[in-house]
Amino acid sequence: METTGIKPARDTMLSIGWVPLNGRSIDLSGAGYVVVAGGEVGESATIHGLTDDEIALGIKPEEAMEQLLEALHGRVLLAHFAALETGFVHKHCRQLYDGAVPDLTVVDTFSLERRHMERMATYPRGEDLRLPRIRERYQLPHYNSHNALSDALACAEVYLAITAASRVHTLKDIRE
C-alpha cells in the first residue's frame with residue numbers, strides 16, 4: 001500500500017498493489033493495482049509520486065477494499081512491515097463493514113529477515129531491514145520504491161529469496 005503516512009487513524013490509503021504467490025511461483029496474471037479516491041496526498045507525494053489529480057480519478061475505497069479482499073480470499077497476506085497494511089485494512093473494513101475486520105493470516109518479510117539476521121548473529125540496525133537493502137543483500141534487481149504494485153512484487157521476491165534454502169513451500173507452511 002501507499003499511504004499519506006504510517007498512522008491509519010490519521011492517514012489515508014492512496015493505492016493498493018498485490019501479486020499472488022502460488023507455491024514458490026509469482027503469478028503476475030493475478031496481480032492488481034488500484035488507486036484509491038478520497039483525500040489529498042499533501043507532502044507524501046514526494047515519496048510515492050501520486051498526485052491529487054491521480055487520486056481524484058481513483059476508485060472508491062469500498063471498491064478498492066472489495067478487490068483486495070477478493071484477491072486475499074483463501075490466501076495469506078504477505079507484506080513487508082505488515083502492521084502498516086493490516087492497520088489500514090482494518091481501518092477501512094471497520095468503516096465499511098459496521099466495525100467488522102477480516103481475520104487475516106499474515107507473513108511479514110520484515111520479521112522474517114530480522115529473525116534470519118539474528119540467527120546469523122547479525123543484529124540489524126537502521127536501514128538494514130528496509131526492503132531495498134534486503135533486496136540488495138539477496139542480489140535481487142533494484143526497483144524504484146513506493147509504488148504499491150512494484151513493492152508487492154519486490155516483497156514476493158524477497159520472501160522467495162529468504163525461504164529458498166528452507167523447507168517452506170507455501171506461505172501457509174511458515175505459519176505452521
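- Each salt bridge (Lys or Arg N to Asp or Glu O under 4.0 Å) pair with one or both residues in residues 40-62, not counting sequence neighbours, would appear here, but there are none.
- Of the inter-residue distances, the one linking R75 atom CZ with H73 atom NE2 reads 10.5 Å to the nearest 0.5 angstrom.
- Residue pairs that meet the side chain to side chain donor-acceptor pair (under 3.5 Å) test with at least one member in residues 25-35, sequence neighbours left out, are N22-D27, D27-S29.
- For T109, the side-chain hydrogen bond (donor to acceptor under 3.5 Å, both in side chains) partners two or more places apart in sequence, or in a different chain, are H80.
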For residues 5-21, tabulate all N or O donor-acceptor pairs below 3.5 Å that involve a side-chain atom, not counting sequence neighbours.
{"residue": "D11", "atom": "OD2", "partner": "I6", "partner atom": "N", "Å": "3.1"}
{"residue": "D11", "atom": "OD2", "partner": "K7", "partner atom": "N", "Å": "2.9"}
{"residue": "W18", "atom": "NE1", "partner": "G30", "partner atom": "O", "Å": "3.4"}

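- A distance-only check finds no donor-acceptor pair linking the side chain of R114 to the backbone of L129 [under 3.5 Å].
- Atom-to-atom distance recorded for L78:CG and C155:SG is 4.0 Å, nearest 0.5 angstrom.
- Scored by the side-chain hydrogen bond (donor to acceptor under 3.5 Å, both in side chains) test, E127 finds R130 as partners (sequence neighbours excluded).
- A side chain to side chain donor-acceptor pair (under 3.5 Å) check over residues 82-97, counting only residues at least two apart or in different chains, returns nothing.
- The CD atom of Q67 sits 7.5 Å away from atom CD of E70, with the distance rounded to the nearest 0.5 Å.
- Among residues two or more places apart in sequence or in another chain, the salt bridge (Lys or Arg N to Asp or Glu O under 4.0 Å) test is passed with E2 by none.
- Contact of the L28 side chain with the L153 side chain is registered, since non-hydrogen atoms from C-beta on lie closer than 4.5 Å.
- For residues 99-113, the set of pairs meeting the salt bridge (Lys or Arg N to Asp or Glu O under 4.0 Å) definition, not counting sequence neighbours, comprises E113-R137.
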Legend entry - Candidate pair L160 and I26, rule side-chain contact (heavy atoms from CB on, under 4.5 Å), full reasoning: CA-CA 9 Å; L160 292 174; I26 295 171; 3.8 Å; yes
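- Nearest heavy atoms, L69 versus P102: CD2-CG, 4.0 Å.
- Residue pairs meeting the ring-ring contact (aromatic ring centres under 6.0 Å, His included) criterion with at least one member in residues 123-146: none, sequence neighbours excluded.
- For the pair V106 and A82, the tightest heavy-atom approach, listed with the atom from each and the gap, is CG1-CB, 3.4 Å.
- Pairing each heavy atom of F110 with each of F81, the nearest pair is CB-N, 3.5 Å.
- Residue I162 holds its CD1 atom at 12.0 Å from CD of E157, rounded to the nearest 0.5 Å.
- P124 and E118 make their closest contact through CD-CG, 4.3 Å (heavy atoms, listed as atom of the first residue, atom of the second, distance).
- The structure places SG of C93 at 11.5 Å from CG of D98, a figure rounded to the nearest 0.5 Å.
- Scanning for salt bridge (Lys or Arg N to Asp or Glu O under 4.0 Å) contacts around R133 gives D128, with sequence neighbours left out.
- Between atom CG of residue L68 and atom CD of residue E63 there is a gap of 13.5 Å, rounded to the nearest 0.5 Å.
- Residues V41 and L50 approach most closely at CG2-O, 3.5 Å, considering heavy atoms.
- Taking the side-chain hydrogen bond (donor to acceptor under 3.5 Å, both in side chains) definition, one finds that S44 meets it with H48, sequence neighbours left out.
- Under the 4.5 Å side-chain contact rule for hydrophobic residues, L57 and L149 do not share a cluster.
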